[in-house]
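One structure is given here, and the rest of the page talks about it.
Note that this is a predicted model, so its numbers are computed, not measured. By convention in this document, chain letters (A, B, ...) are assigned in the order of the sequence lines, proteins followed by strands, and residues within each chain are numbered from 1.
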2 protein chains.
Amino acid sequence: MTASVPEVRTRREGAAAAIRRSIILGQVEPGQKLREVALAAELGVSRPTLREALLLLTHEGLCEQEPHRGFSVATLDEQAVRDLAETRLTLDRLAAVTIAGDPAKCRELAQAWAAYEAAGHNPDPLAQHLAHVEFHRAMWAASHNDTLTRLWPTVDALSTLVLAQDQVMRGDPGRAVHLHGRIVDAVASGSSDAIEAALNAHTRQSAEEFIASRIQRPHS
Amino acid sequence: MTASVPEVRTRREGAAAAIRRSIILGQVEPGQKLREVALAAELGVSRPTLREALLLLTHEGLCEQEPHRGFSVATLDEQAVRDLAETRLTLDRLAAVTIAGDPAKCRELAQAWAAYEAAGHNPDPLAQHLAHVEFHRAMWAASHNDTLTRLWPTVDALSTLVLAQDQVMRGDPGRAVHLHGRIVDAVASGSSDAIEAALNAHTRQSAEEFIASRIQRPHS
DNA sequence: CCCTCCAGATTGTCAAACAAAACGTGTTCC
DNA sequence: GGAACACGTTTTGTTTGACAATCTGGAGGG
């Protein structure tokens with residue numbers, strides 16, 4: 001499997017990657033303003049280049065922008081987390097069902113799984129995050145659905161926002177890997193019920209646990 | 001119902017709207033290069049502003065961009081059209097089922113339908129297109145699913161690319177309105193089977209007819 | 001035919017400037 | 001006390017002009 005590290009070919013992509021990384025690592029908070037002049041100086045790019053990077057992240061969903069009011073790190077409320085879970089469930093199901101019907105696609109998924117299993121226990125939170133996200137991207141890619149490929153950056157960004165805050169999942173990488181193993185087994189079995197159950201455990205239950213953990217520890 | 005004409009608050013949004021309009025009306029072809037210097041002059045904006053507009057359209061999916069090679073109007077092959085139909089089916093179903101379970105959401109959909117019925121027979125192709133797209137946007141909005149709202153621009157752009165080429169649908173606005181009426185009736189009935197059948201007729205069958213019409217009249 | 005080279009075209013980026021909009025603070029009025 | 005207004009400051013949105021980097025197309029040679 002080709003490792004799908006996004007190739008940085010422009011300074012705008014590099015700036016976007018740096019900002020994305022700081023969001024993943026929690027170095028900036030949801031809702032935090034991102035000041036163009038200071039951030040451009042900090043990243044060593046010109047302001048128009050930074051704007052292009054921030055617009056990229058905004059179109060994906062990691063940042064939010066209002067005309068004349070600037071950019072900020074995106075926020076997701078409880079209902080938005082549930083909406084993401086429901087929508088992911090339906091799109092993950094489409095991907096999984098498409099893969100289950102095709103042996104070549106199943107092999108691609110198995111390769112993605114092997115890579116995740118190898119990388120998912122890494123103690124570095126950034127590496128864990130990237131391995132997790134890469135597994136899902138590879139699963140969608142294995143379905144060879146053009147539209148899913150196009151929708152992936154948005155779903156990736158929303159998932160990233162949740163995962164960056166999700167201490168439950170982050171504190172137990174073994175559990176995360178196990179949940180994803182169940183998905184792979186279900187797809188390989190070809191059973192719609194098994195796929196549904198595995199995706200449900202992965203997506204809907206994880207979202208509810210995340211929401212519950214935030215209620216116990218309100219942020220502000 | 002508030003008419004959801006996107007408010008143009010920045011010159012970048014205005015430039016993007018003008019380019020979007022020329023794509024809808026077929027004034028530019030799929031695959032056609034969009035030259036920054038000429039296009040900026042034509043639209044009366046500076047080049048960085050045009051770039052921001054083009055990046056917006058690229059993130060949505062109406063345009064494609066490769067570093068150092070510039071922007072072009074996006075293209076969709078047959079498989080991509082089918083992938084869009086399948087993905088739309090699954091997301092439309094999610095929206096429809098969410099709406100069917102909630103009377104307030106059903107009322108919102110009925111309002112969207114009334115607006116489309118009033119506007120959908122307009123002989124102006126741009127008005128038809130906008131009415132069609134607005135109905136779908138309003139249907140997703142009626143589901144109040146945050147993630148669907150975020151995914152909408154991409155699905156809108158892909159659907160726009162297909163509709164801009166779809167002479168079958170464009171040549172028969174009455175049929176298009178009828179298909180959408182079936183969706184509304186199915187949602188109001190609350191029957192999953194009826195929803196599935198109506199969405200299938202709308203989405204999968206229309207995609208196959210479109211693909212068939214292109215095979216009969218190859219573009220080049 | 002294929003390969004190499006190069007001039008021209010185009011894109012990516014930067015710096016500086018300025019207009020427009022928003023923000024924060026202080027003052028006045030009810 | 002709260003609301004409205006004025007004003008200075010900060011920030012964003014955009015333009016202009018320049019230049020470096022990359023790509024493209026055509027010419028020439030083997």
Side-chain angles (χ1 to χ4, degrees), chain A residues 5-23 27-75 153 220, chain B residues 5-23 27-75 153 220:
Chain A
V5 179
E7 183 182 4
V8 173
R9 294 175 57 184
T10 62
R11 288 175 64 71
R12 136 188 120 227
E13 286 168 358
I19 297 163
R20 191 181 287 115
R21 187 170 165 278
S22 67
I23 292 172
Q27 290 163 355
V28 288
E29 301 281 335
Q32 183 172 335
K33 291 284 189 185
L34 302 171
R35 295 298 177 207
E36 293 180 13
V37 175
L39 191 51
E42 186 181 322
L43 295 175
V45 295
S46 72
R47 195 152 73 83
T49 302
L50 177 75
R51 284 179 61 83
E52 289 191 12
L54 286 171
L55 283 167
L56 185 162
L57 295 172
T58 298
H59 294 312
E60 288 177 3
L62 274 187
C63 296
E64 291 171 339
Q65 194 255 2
E66 195 170 346
H68 297 289
R69 292 185 174 192
F71 296 88
S72 57
V73 180
T75 59
S220 57
Chain B
V5 179
E7 181 182 4
V8 174
R9 295 175 57 183
T10 62
R11 289 176 64 73
R12 134 187 122 226
E13 286 169 357
I19 297 163
R20 191 181 286 118
R21 186 171 164 279
S22 67
I23 292 173
Q27 290 163 355
V28 289
E29 299 281 335
Q32 182 172 334
K33 291 284 189 184
L34 301 172
R35 295 300 178 202
E36 293 181 14
V37 174
L39 191 52
E42 185 181 322
L43 294 175
V45 296
S46 70
R47 196 153 72 84
T49 301
L50 177 73
R51 286 179 61 83
E52 288 190 12
L54 286 171
L55 283 167
L56 184 160
L57 294 172
T58 298
H59 292 307
E60 287 177 1
L62 276 186
C63 297
E64 291 171 338
Q65 192 255 0
E66 195 170 348
H68 297 291
R69 293 186 173 191
F71 297 87
S72 56
V73 180
T75 59
S220 59

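Of all the heavy atoms in B/Arg11 and B/Gly44, the pair that sits closest is NH2-O, 2.6 Å. In plain terms, the two heavy atoms of B/Leu56 and A/His59 that are nearest each other are CA-NE2, 3.5 Å. The two residues A/Ala15 and A/Ala53 make their nearest non-hydrogen contact at CB-CB, 3.8 Å. The heavy-atom pair separating A/Cys63 from A/Ile23 by the smallest distance is SG-CD1, 4.3 Å.
Taking the nucleotide of DNA chain C with the nearest heavy atom to each of B/Gly70 and A/Pro67, the more 5' of the two is matched to B/Gly70.
Rounded to an integer number of Å, the gap from CD of B/Glu66 to P of C/dT10 is 17 Å. Computed from coordinates, the A/Gln65 CD to D/dT11 P distance equals 16 Å when rounded to whole Å. Separating the CZ atom of A/Arg69 from the P atom of D/dG13 is a distance of 12 Å, rounded to the nearest angstrom.
Here the CZ atom belonging to A/Phe71 is positioned 9.0 Å from the CD1 atom belonging to A/Ile19, to the nearest 0.5 angstrom.
Between B/Leu43 and B/Thr49 the shortest side-chain heavy-atom distance does not fall below 4.5 Å. Inter-residue side-chain proximity for B/Pro67 and A/Glu13 is flagged as met; some heavy-atom pair is nearer than 4.5 Å. Considering only heavy atoms from C-beta on, A/Val73 stays 4.5 Å or farther from A/Glu29 through its side chain.
The stretch residues 32-42 of chain B comes close to DNA chain C through B/Leu34, B/Arg35, B/Glu36, each having a heavy atom under 4.0 Å from the strand.
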| What string of B, S and - do you get for nucleotides 13-20 of chain C 5' to 3' if you count protein non-hydrogen atoms under 4.0 Å? | BB--B---
